[in-house]
Amino acid sequence: MLHDVDSALSEAKGLLDKSRGRVIVAASPLAAVTILPAMISRFVRTFPEVRIDLRDVLTDQILQSVRNGTVDIGIGTFEKSETELELSTLYEDVLGVIMPNNSPLASRRSLCWRDLKGQPMIALSRSSVFRPLIDSTVRAQSIELGETRFEVGYMGTAVALVEAGLGISVLPERAAALIKQRRARFRRLTAPVVSRPMTLVTRAGRSLSPAARAFVECLSTARLRST
């Protein structure tokens, strides 16, 4: 306890005079490549001597790392809440479809889930937290999708396969930032609109360091700007 108090006091002094500080963040690959680079850049401009360690890992690893205290903050999309963790929503990520520019669906301004009938699919693997949500929505709408040509673990892989013209993929809206070759486009899916929250996770009952609190405030500011 005395060591923790001493470390907190030392870190607080360092943060105030911009001389020290470290924040360890575990994030999903999607969050790490889309929302976090700009947030980290904005933060380090304000606190140039505070070090941000970013670990892009899978969902289970994020929760475990926050739980055992090896990271300060976790960011990702999770299946359900954990009693020993504190979760707060950063934003809602709406599901939609990424399709090649030459897809018959690409000319439409709006799409609903039933428009996916018969379309060749590039699916997320069953380990993805989005997969059960997608499958349950398709079942509820009684939609017969086309052939699943690929089943992949990473959204970047799904987007690349779409850009190669190999099918369409249902992904969260933030994944549209992964489109690199301008050979594909994103449309939100309606009827119904389906979303999952991108979530900030910390360990319940544990105080964040001053540096970590400052980073959380930066995230919160970005959340307010986006709403």
Side-chain angles (χ1 to χ4, degrees), residues 11 21-44 47 50-95 98 122-135 150-162 169-180 195-209 211-220 222-223 226:
E11 177 111 3
R22 183 186 184 203
V23 185
I24 307 175
V25 182
S28 67
L30 181 62
V33 78
T34 57
I35 67 170
L36 280 176
M39 290 182 179
I40 292 172
S41 177
R42 182 163 55 247
F43 181 81
V44 298
F47 302 109
V50 175
R51 176 180 172 182
I52 303 293
D53 288 348
L54 177 60
R55 303 176 183 178
D56 52 341
V57 296
L58 300 179
T59 299
D60 290 344
Q61 292 173 278
I62 296 172
L63 295 176
Q64 182 60 30
S65 296
V66 175
R67 190 180 295 113
N68 63 29
T70 57
V71 305
D72 300 299
I73 297 166
I75 298 173
T77 303
F78 308 106
E79 187 66 32
K80 58 183 179 180
S81 63
E82 305 281 340
T83 55
E84 70 271 36
L85 302 175
E86 292 183 359
L87 288 78
S88 60
T89 298
L90 291 173
Y91 62 87
E92 290 286 336
D93 216 351
V94 177
L95 289 180
I98 292 182
I122 297 162
L124 295 174
S125 67
R126 298 184 187 280
S127 62
S128 168
V129 295
F130 288 98
R131 179 64 182 269
L133 186 62
I134 294 167
D135 288 349
F150 298 91
E151 189 171 291
V152 298
Y154 292 95
M155 295 184 193
T157 306
V159 171
L161 291 169
V162 172
S169 189
V170 177
L171 298 172
E173 186 168 16
R174 191 66 61 172
L178 302 176
I179 297 172
K180 301 297 184 185
S195 67
R196 286 296 299 269
M198 181 67 77
T199 306
L200 171 72
V201 183
T202 56
R203 197 168 76 179
R206 181 186 182 187
S207 298
L208 292 173
S209 69
R213 284 201 303 272
F215 188 70
V216 169
E217 289 174 3
C218 180
L219 291 172
S220 298
R223 174 180 59 188
S226 65

In Å and rounded to the nearest 0.5 Å, what is the [atom1] to [atom2] distance from [X] to [Y]?
{"X": "Glu84", "Y": "Leu63", "atom1": "CD", "atom2": "CG", "result": "8.5 Å"}
{"X": "Leu171", "Y": "Leu178", "atom1": "CG", "atom2": "CG", "result": "8.5 Å"}
{"X": "Ile40", "Y": "Ile52", "atom1": "CD1", "atom2": "CD1", "result": "6.0 Å"}
{"X": "Leu54", "Y": "Ile73", "atom1": "CG", "atom2": "CD1", "result": "11.0 Å"}
{"X": "Met155", "Y": "Ser28", "atom1": "CE", "atom2": "OG", "result": "7.5 Å"}

Are the side chains of [Y] and [X] in contact, using a 4.5 Å heavy-atom criterion?
{"X": "Leu219", "Y": "Phe43", "result": "no"}
{"X": "Phe215", "Y": "Val50", "result": "no"}
{"X": "Leu208", "Y": "Thr202", "result": "yes"}
{"X": "Ile24", "Y": "Thr70", "result": "no"}

> Should Ile35 and Ile75 be marked as a side chain to side chain contact (heavy atoms under 4.5 Å, CB included) after you check the CA-CA gap, both sets of side-chain angles, and the distance that decides it?
Replying inline: CA-CA 10 Å; Ile35 67 170; Ile75 298 173; 4.3 Å; yes

So, [X] side chain and [Y] main chain: donor-acceptor pair closer than 3.5 Å or not?
{"X": "Arg196", "Y": "Phe78", "answer": "yes"}
{"X": "Asp93", "Y": "Met198", "answer": "no"}
{"X": "Ser169", "Y": "Ile98", "answer": "no"}
{"X": "Ser220", "Y": "Val216", "answer": "yes"}
{"X": "Arg203", "Y": "Leu85", "answer": "no"}

For the student: nearest non-hydrogen atoms of [X] and [Y], plus distance:
{"X": "Thr34", "Y": "Ala177", "result": "CG2-CB, 3.9 Å"}
{"X": "Ala175", "Y": "Val159", "result": "O-CG2, 4.0 Å"}
{"X": "Cys218", "Y": "Arg42", "result": "SG-NE, 4.1 Å"}
{"X": "Ser195", "Y": "Leu133", "result": "O-CD2, 3.9 Å"}
{"X": "Leu95", "Y": "Pro172", "result": "CD2-N, 3.7 Å"}
{"X": "Ala211", "Y": "Gly21", "result": "CB-CA, 4.3 Å"}

Please table the atom pairs, donor to acceptor, closer than 3.5 Å between any side-chain atom in residues 55-62 and protein atoms at least two apart or in another chain.
residue, atom, partner, partner atom, Å
Gln61, OE1, Leu58, N, 3.3

> Which side chain to side chain donor-acceptor pair (under 3.5 Å) pairs, counting each pair once, include a residue from residues 124-135, with sequence neighbours left out?
Replying inline: Ser125-Ser127, Arg131-Asp135, Arg131-Glu151

